[in-house]
Structures are given as C-alpha cells and as structure tokens.
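Structure record follows, encoded as structure tokens.
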Amino acid sequence: MNQVNSAVLDANTGWLILAVFSVIWVYLGWFWGRKEKGLDDFMLAGRNVGLSLGIATAMATWVTSNTTMAAPQLALQLGVWGMLGYSLGSVGLILFAPLAERIRQLMPAGYTSGDFIRLRYGTFAWRVFLVISLFYGIGWLISLGMAGGVLIHALTGIDYQLGMSVILAICVAYTLLGGLRAVIGTDFIQTIIILVGIVILAWLTIDKVGFEPMHQAVLEERPELLNLLMPAAIMFLFNNLLFGVGEIFHSNVWWSRAFAFRKGVGFKAYLSAGIFWMPIPIVAGFIALATPALGLNIPAADMVGPMVAAKLLGFGGAVLVFIVVFSALASSLDSLLAATSDLVLQDIYRGHFRPHAGKDELRKAARWIVLLLGIVTWLLCLPRLTTLASLLYFTGAFVASTIWPIVAGLYLKKASATGATLAMLSGTLVGLWAYFAIGFYVAALVSAVVSMLIVLVSMWLQPDQFDWTLLNEQTGEEVS
Amino acid sequence: MIISSGFLSVMVTVALIVTMVSPVILIILWIKDWVKGQLW
C-alpha cells in the first residue's frame with residue numbers, strides 16, 4: 001500500500017508546502033502563547049472560548065486525515081452507504097452538545113474527563129476509565145502520527161520517517177508554545193482551509209465529469225456502489241455511529257473543549273459543528289465515484305482522492321489535496337496531543353504522584369508532558385508497525401463501554417460506582433469477544449448494549465443518591 | 001435498490017451547499033466575536 005509511485009507531487013514541492021505551513025503554525029503558536037497567564041490558560045485557553053472558535057475546533061478535530069482520505073476510499077469500497085455511514089460520525093458531536101453544557105455547568109473548575117469519573121464514581125472506576133482512555137488516546141496518537149508519515153510519503157514520495165517526524169515536531173512545537181489556545185486558533189484556520197479545499201475539488205469534479213456520466217459509468221462498472229441494500233455497508237453504518245459516539249463521549253479531547261468554552265457556548269458549538277461536519281464525508285467522498293468515468297486505475301483504495309484530484313486539476317489539484325490533508329492531520333494531532341497530555345498531567349501526575357502540586361509546578365510539568373508524549377509517539381511511530389495502528393480498531397469495544405456510565409453519571413443520581421465500573425469492564429470484555437468471534441462491525445454495538453444493561457440493572461438493584469455539588473471541586477456551591 | 005442519477009445529484013448538491021455555507025458562517029461568527037472582544 002502507498003508506494004512512492006502513487007505520489008502526485010514531487011518531493012521538493014512537498015517540502016516547500018511543509019516548510020511554509022510549519023512556519024505559520026509555529027509562529028501562531030508562539031503568538032497566541034506569549035501572553036499566557038497560567039495553567040488554565042495553557043490547558044483550557046482561559047475557559048473563555050467563544051462560539052466561532054468553538055465550532056471550528058470541534059469540526060477540525062473531527063475532520064482527521066481519515067475523513068479526507070478515507071471518505072473517498074469508503075465511497076469506492078462501500079458505495080453510497082460508505083459516504084452516508086461516515087457522515088453519521090457527526091451524530092456523536094450532535095449528541096455531545098447537551099452533555100457539553102451540562103459538564104460546564106456541573107464542573108466549572110474541572111480539567112479532564114478523568115476528573116468527572118473520579119468525583120462521580122470514585123478511585124477504582126477512575127483507574128479503569130484511565131486505562132481505557134489512555135489506551136484509546138495513545139492508540140489514536142500513534143495512528144495519526146503514522147498516518148502523517150504514510151500520507152506525506154504517498155503524496156510526495158518524502159521518506160516515511162522524515163514526513164512523520166516533521167508533522168509530529170510541528171504539532172509538538174506549537175502546542176508547547178501556545179497550549180490549547182494555539183490548538184484552537186490554528187484549528188480555525190485549518191477548518192477554513194479544509195472546507196474551501198474540498199468544496200473546490202467537489203465543484204470541479206461535478207463541472208468536469210458531471211453527475212449523469214459519473215452515474216452511468218459507475219452503473220456499468222461497479223453497480224453495487226449505487227445499491228442502497230449493500231449489507232456490509234449497512235453494518236458499517238451502525239458500527240461507525242456507535243464508535244463515534246463512544247469516542248466523543250469519553251475522550252478528553254472533547255471534554256477539555258467543554259471546559260474551555262465560555263458558559264453557554266458548548267451546546268451551540270457542538271450542535272453546529274455536528275451539522276456542518278455531516279456533509280463533509282459526502283462532499284469529500286463522492287469524487288471517488290468519478291473514477292470509472294475518468295478511466296482511472298487506482299493502485300491503492302486510500303489514494304483515490306488525491307489521484308482523482310490530480311487527474312482533474314493537475315498540479316494545482318495535487319497541491320490542494322496535500323494542503324487539505326496536512327491541515328486535517330495537524331488539526332487532529334495537536335488536539336489529541338494537548339488533551340492526552342492534560343489527562344496525563346491531571347489524572348496521572350497530579351492525581352497519583354503529586355496531589356499537592358501547585359499551579360506553577362503543574363504549568364511547567366504540562367510542557368514537559370507535551371514534549372514527552374510527542375517523543376514517545378515519535379518512537380512508537382518510527383518502526384512503522386502497522387500492528388500498532390491496528391490497535392485503534394480494537395478501541396471500539398473499549399470506548400463504547402463508557403457511553404452509558406458517562407451519560408447516566410451526568411444526568412441520573414441513581415447511577416452507581418459499582419454499576420459504572422462493571423459496565424466499563426464487562427462492555428469492553430464482551431465487545432472484544434464479539435470483535436474476534438463475530439467481526440469488527442459488532443464490537444462497539446455489543447459493548448454499548450452490555451454496558452447499558454449493566455448500568456440500568458445496577459440503578460434498579462442498588463441505586464445511588466449522588467450529590468451533584470461534589471462535582472464542583474472549586475467552591476462546592478449548589479450547581480443543579 | 002439502485003439509486004438514480006437524480007438522487008445522487010440532489011444528495012451531493014445539498015451536502016456541497018452546506019459545506020460551502022459553513023466557512024462563510026464561521027467567518028461571520030468570528031468577526032462578531034472579534035468585534036465584541038469575545039473570541040476567547
């Protein structure tokens with residue numbers, strides 16, 4: 001997969017684009033970070049992020065390189081349902097909207113999703129959750145780091161290790177300089193670049209190929225891609241939906257933004273981001289359906305997007321795709337780096353080793369942790385072990401098991417620590433069993449169902465009476 | 001159950017319109033937040 005001969009740009013152009021954008025992102029990281037006032041500024045951008053930046057950061061983080069590259073690939077493999085199924089990933093963002101508002105209301109002084117589990121369900125559940133969340137976070141980081149190297153190599157022929165090192169170094173540098181403020185600020189610009197880029201590609205595909213010839217050619221060569229009753233695609237749709245909900249509900253990437261948004265912004269930001277994100281996989285994906293009409297021979301399915309762009313738009317199209325993919329990669333990698341380092345700082349360093357650490361100590365430690373996490377990710381990505389990236393596939397079972405403990409924990413006083421812990425453990429184990437015994441497409445579904453049943457039964461057998469004020473560590477004042 | 005060319009064009013056109021409008025909305029909201037001093 002991804003041989004040098006699939007490159008749509010020469011390495012010199014690739015290096016030039018990487019250099020220009022590296023300078024921009026790192027300068028902006030320094031610019032936004034130069035007036036940083038303290039730990040809350042670094043970790044949570046001052047807890048005062050407005051609506052425009054809020055929507056953009058949620059969108060940019062959820063538009064990964066997977067969205068821009070895998071959406072055309074899925075359209076080529078699973079047809080119309082591939083695009084529609086992928087676009088249902090937005091349901092997670094939409095469903096998280098009320099949760100974000102509730103999180104901000106209940107925990108005005110919170111830092112991480114781990115804080116919530118610790119305060120709501122106690123130490124043991126917190127540790128189980130941390131294992132799940134860090135496994136997922138580091139798995140995603142490795143997957144994104146490797147995707148960076150693989151995509152840069154595939155698009156430009158630049159060596160995998162060099163490309164991966166460069167994109168990781170850039171993201172570490174500006175996150176280190178500007179914290180979450182730099183991440184959110186660059187996310188806004190990256191969102192605009194991604195949206196404009198895919199609109200141009202889609203527009204020109206329609207203009208140069210047209211719907212009718214595209215439909216006719218697909219009907220003759222790959223009619224199954226236009227079939228709404230393609231079973232594999234329908235299964236993919238449900239699994240993707242639940243996987244996405246699990247990813248968003250538990251991950252500190254999304255919780256840290258809920259804490260960072262100004263009061264009243266969380267609901268509107270996540271809802272709008274979900275609505276705006278929904279059509280992106282369709283717009284990015286449908287260009288793959290132009291391949292039969294263009295007579296393109298695709299050597300690797302994941303290269304279909306860049307190859308169609310290069311065929312239709314020549315050099316300019318290839319440059320555009322590279323900039324879009326680079327922006328999509330950076331916008332997710334920086335967010336994950338910041339959120340995972342927050343989790344390590346707050347829940348491991350402070351929570352387990354330095355409970356009395358002051359804000360100055362934590363502020364310094366936060367930077368060291370971003371750097372260390374970057375180095376660990378780089379080391380794990382260096383050998384390009386695809387088995388490491390495939391770890392992410394297992395995480396569907398892990399993350400889906402957290403959906404119900406989090407939802408019930410946020411809204412129902414009766415949800416108990418025992419029920420939540422058992423739900424996360426059993427959901428994960430049974431989900432993993434389903435992954436191997438049945439298939440990848442049921443892991444998240446089985447895990448979520450088992451977890452839900454355990455949460456419901458535990459509330460019925462042994463209901464808790466949780467005091468919501470315990471979630472507000474700062475003042476203990478009445479919050480609900 | 002094969003979808004028609006018309007269905008495909010409507011689906012993609014609607015998606016394209018939303019994707020075209022969203023950066024415009026984001027920039028308008030950014031200007032509004034900036035004018036009010038509420039970017040962050």
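Note that this is a predicted model, so its numbers are computed, not measured. Naming convention: chains lettered A, B, ... in sequence-line order (proteins, then strands); numbering from 1 in each chain.
Interface remark: A/Arg47 contributes no atoms to any contact with chain B (heavy atom separation under 4.5 Å). Contacts between A/Val199 and chain B at a heavy-atom distance below 4.5 Å involve backbone atoms as well as side-chain atoms. Only the side chain of B/Ile25 comes within less than 4.5 Å of a heavy atom in chain A; its backbone stays farther off. Heavy-atom distances place the side chain of A/Ile206, and not its backbone, under 4.5 Å from chain B. For A/Phe261, no part lies near chain B; criterion is any non-hydrogen pair under 4.5 Å. For A/Met278, no part lies under 4.5 angstrom from a heavy atom of chain B.
A donor-acceptor contact closer than 3.5 angstrom is absent between the side chains of A/Asp342 and A/Tyr111.
With a 6.0 Å cutoff to the six-membered ring centre and a 45° limit on the axis angle, A/Arg257 does not count as a cation-pi contact of A/Phe259.
Most heavy-atom pairs under 4.5 Å with chain B, from the set A/Ser52, A/Ala45, A/Gly50: that is A/Ser52. Looking only at heavy-atom pairs under 4.5 Å with chain A, the residue among B/Gly6, B/Ser22, B/Ser5 that has the most is B/Ser5. The candidate from A/Val196, A/Asn48, A/Leu226 with the greatest count of non-hydrogen atom pairs under 4.5 Å with chain B is A/Leu226.
Of the possible donor and acceptor atoms, none in the side chain of A/Thr61 sits under 3.5 Å from a partner among the backbone N and O of A/Ala58. When atom types are taken as modelled, the side chain of A/Tyr270 and the backbone of A/Trp254 share a donor-acceptor pair closer than 3.5 angstrom.
Taking the six-membered ring where the residue is Trp, B/Trp40 and A/Trp32 present perpendicular rings, their angle passing 60° and hence far from 30°. Below 30°, between 30° and 60°, or above 60°: for A/Trp277 and A/Trp62 the angle between ring planes is between 30° and 60°, a tilted geometry.
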Using the salt bridge (Lys or Arg N to Asp or Glu O under 4.0 Å) rule, take A/Glu224 and A/Arg222 through it: C-alpha gap first, then chi angles, then the decisive distance, then the call.
-> CA-CA 6 Å; A/Glu224 73 278 9; A/Arg222 305 277 307 275; 2.9 Å; yes

